[in-house]
Structure formats: C-alpha cells, structure tokens
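For clarity, every value in this text was computed on a predicted model and none was experimentally measured. Residues: numbered from 1 along the sequence shown.
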Amino acid sequence: MDQQKIKEAVRLFLEGIGDDPEREGLLETPDRVARMCEEIFGGLKQDASGALSKQFSVAHSDLILEKDITFYSCCEHHLLPFYGKAHIAYIPNGKVAGLSKLARTVEVFARRPQIQEQLTIQIADAIMNHLNPQGVMVVAEAEHMCMTMRGIKKPGSKTVTIAKRGLFERDFALQDTVLQMIKA
C-alpha cells in the first residue's frame, strides 16, 4: 500500500468535508488512517491458498461445519464497514483443513473492499479449489453500516448470502441440515 497517497487523500478528504486537518485532534489522523488501511485492507495482498495449504488426510466423508466465524469487511460502494458471521460446511474428499484455516480464509477475503455476495462466493470457491471436497456451502450474515448509518437507516437489518458448490447445489435435504445446524 502506498502510505503517502493514503495520508494525502485523508488530508484532502478532511478539507473536503470542511474540517481543518491542521487542528490538534486531526494532526495525526492521516497517519492513523494509513496504518489502519494496512490492517483492514491487508487481504488485498494475501492469497487464501496459504491458509488452505495445511491439510490432513481423513478416511471419512461426514459433514463438517465451522460456524459463527466473525468477520469485518468494508463495502466497496461506500467504504463503510459491514460485519457479521460466516458459516462454512463441507464434505471432505479425503482431506480436511485445520479449523483455524477456515477462519483465516474468511479473514483473507473479508479484509478487502468488496460486497458480501462476492465475499461468500470467494470463500466457497477457495475451499472447492484447494480442498477439493465433495461439496461446500457458505452462509454469511452481516449488518451493513451503509444501511444503518445512511440511506434507509435501518439498524439491525441483516443480509444473508449463500454459496453452494458440489453436492450442496442439488441436495436440498443436505442444505436444510446445514441451516438447522447453524441455528442450533
């Protein structure tokens, strides 16, 4: 990331909204925002394959669900946060990922400016591509600050997105099992 460009942009932004970037409370804001960008947009420089490369052999092909994976992301339309939980279900095909690796995969994609629909798809596709499971289903539910703070102003409303691959695409009983497990 180009820290200097971010700092300049923040100074211009502060001037643009009518504030003084030289006043005491804002003097260090451009630097703080530049450092924050390294953290919250760090997924732009990461590849999910690193997180999913650590795999373990298994003899079974039973359903695995990692649920309530908290994530924070930033809407690419308004640059406002959206945050929530992701749930990942998959049926192995001889290999499983460490449970923390699923959470890291969510984090890699969440730490980018983007939309929730794409985030859900990226997680499902990464798991399919790297673990080659029989199927995967990703459910993401999030609250969007662009709907809470501005525009329609509906705090508490949640958006739910689902991506299904492999066995999950056609097996409605399997989908229902996962949704019931998420609710439990």
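- The closest side-chain heavy-atom distance from P21 to E15 is below 4.5 Å.
- The side-chain heavy atoms of S61 and N93, taken from C-beta on, include no pair separated by under 4.5 Å.
- The shortest heavy-atom contact between Q3 and A34 is OE1-CB, 3.0 Å.
- Without hydrogens or angle criteria, H78 side chain to L80 main chain gives no donor-acceptor distance under 3.5 Å.
- Smallest separation of non-hydrogen atoms from P113 and E76: O-OE1, 3.6 Å.
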In a table with atom names and distances, give each donor-acceptor pair under 3.5 Å that connects a side chain of residues 140-147 to protein atoms at least two apart or in another chain.
from: E141; atom 1: OE2; to: H87; atom 2: NE2; distance (Å): 2.8
from: E143; atom 1: OE2; to: T148; atom 2: OG1; distance (Å): 3.1
from: E143; atom 1: OE2; to: G156; atom 2: N; distance (Å): 3.0
from: H144; atom 1: NE2; to: Q116; atom 2: OE1; distance (Å): 2.7

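- Residues D31 and K7 are in side-chain contact: their nearest non-hydrogen atoms beyond the backbone lie under 4.5 Å apart.
- V106 is not connected to Y83 by any chain of hydrophobic side-chain contacts under 4.5 Å among Ile, Leu, Val, Met, Phe, Trp and Tyr, and they are in different clusters.
- Linking Ile, Leu, Val, Met, Phe, Trp and Tyr residues whenever their side-chain heavy atoms come within less than 4.5 Å places F56 and I127 in a single cluster.
- To the nearest 0.5 Å, the span separating NZ on K95 from CG on L52 amounts to 13.5 Å.
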Quick one: do I40 and Y72 satisfy side-chain contact (heavy atoms from CB on, under 4.5 Å)? Show the steps, please. CA-CA 8 Å; I40 67 173; Y72 302 90; over 6 Å; no

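- With rounding to the nearest 0.5 Å, the separation of CE in M128 from CG in N132 is 6.5 Å.
- The hydrophobic clustering, which links ILVMFWY residues whose side-chain heavy atoms are closer than 4.5 Å, places L44 and V33 together.
- Scanning for salt bridge (Lys or Arg N to Asp or Glu O under 4.0 Å) contacts around K45 gives E38, with sequence neighbours left out.
- Counting heavy atoms of neighbouring residues, nucleotides and ligands inside a 6.0 Å radius, atom CD of E39 does not exceed 12 of them.
- Here CZ of R23 is found 9.5 Å from CG of L27. Values are rounded to the nearest 0.5 Å.
- In this structure, Q175 CD and R170 CZ are separated by 10.5 Å, a value rounded to the nearest 0.5 Å.
- In this structure, L65 belongs to a hydrophobic cluster whose other members, linked by side-chain heavy atoms under 4.5 Å apart, are L63, I91, M137, V139, V160, I162, L167, F168, L174, V178, L179, M181, I182.
- The structure places CD of Q122 at 11.5 Å from CG of N129, a figure rounded to the nearest 0.5 Å.
- The side-chain heavy atoms of F71 and F82, taken from C-beta on, include a pair separated by under 4.5 Å.
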Hey, mind stepping through Q180 and D176 against side-chain contact (heavy atoms from CB on, under 4.5 Å) and telling me if it holds? CA-CA 6 Å; Q180 291 304 316; D176 190 52; 3.8 Å; yes

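- No donor-acceptor distance shorter than 3.5 angstrom exists from the side chain of Q134 to the backbone of G166, with no hydrogens or angles considered.
- There is no path of hydrophobic side-chain contacts, each under 4.5 Å, that joins V138 to I121.
- Closest of all the heavy-atom pairs between Q114 and L119 is OE1-N, 2.9 Å.
- A124 and R165 get closest at one heavy-atom pair: CB-CG, 4.2 Å.
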Could you go step by step and tell me if I88 and I69 meet the side-chain contact (heavy atoms from CB on, under 4.5 Å) rule? CA-CA 9 Å; I88 300 171; I69 303 168; 4.0 Å; yes

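- Closest approach of G25 to T29, counting heavy atoms only: O-OG1, 3.5 Å.
- For CD1 of I152, the number of neighbouring non-hydrogen atoms (other residues, nucleotides, ligands) closer than 6.0 Å is 12 at most.
- The distance from atom CG of D19 to atom CZ of R11, rounded to the nearest 0.5 Å, is 14.0 Å.
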Test side-chain contact (heavy atoms from CB on, under 4.5 Å) on F41 and C74 and set out the steps. CA-CA 8 Å; F41 298 122; C74 192; 3.7 Å; yes

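- The number of heavy-atom neighbours closer than 6.0 Å to CD of Q4, taken from other residues, nucleotides and ligands shown, is above 12.
- In this structure, Q118 and I115 have side chains that are in contact, with non-hydrogen atoms separated by less than 4.5 Å.
- Remark: R104 CZ is loosely packed, at most 12 non-hydrogen atoms of other residues, nucleotides or ligands lying under 6.0 Å away.
- Nearest heavy-atom pair, T120 versus A163, reported as atom, atom and distance to 0.1 Å: CG2-N, 3.6 Å.
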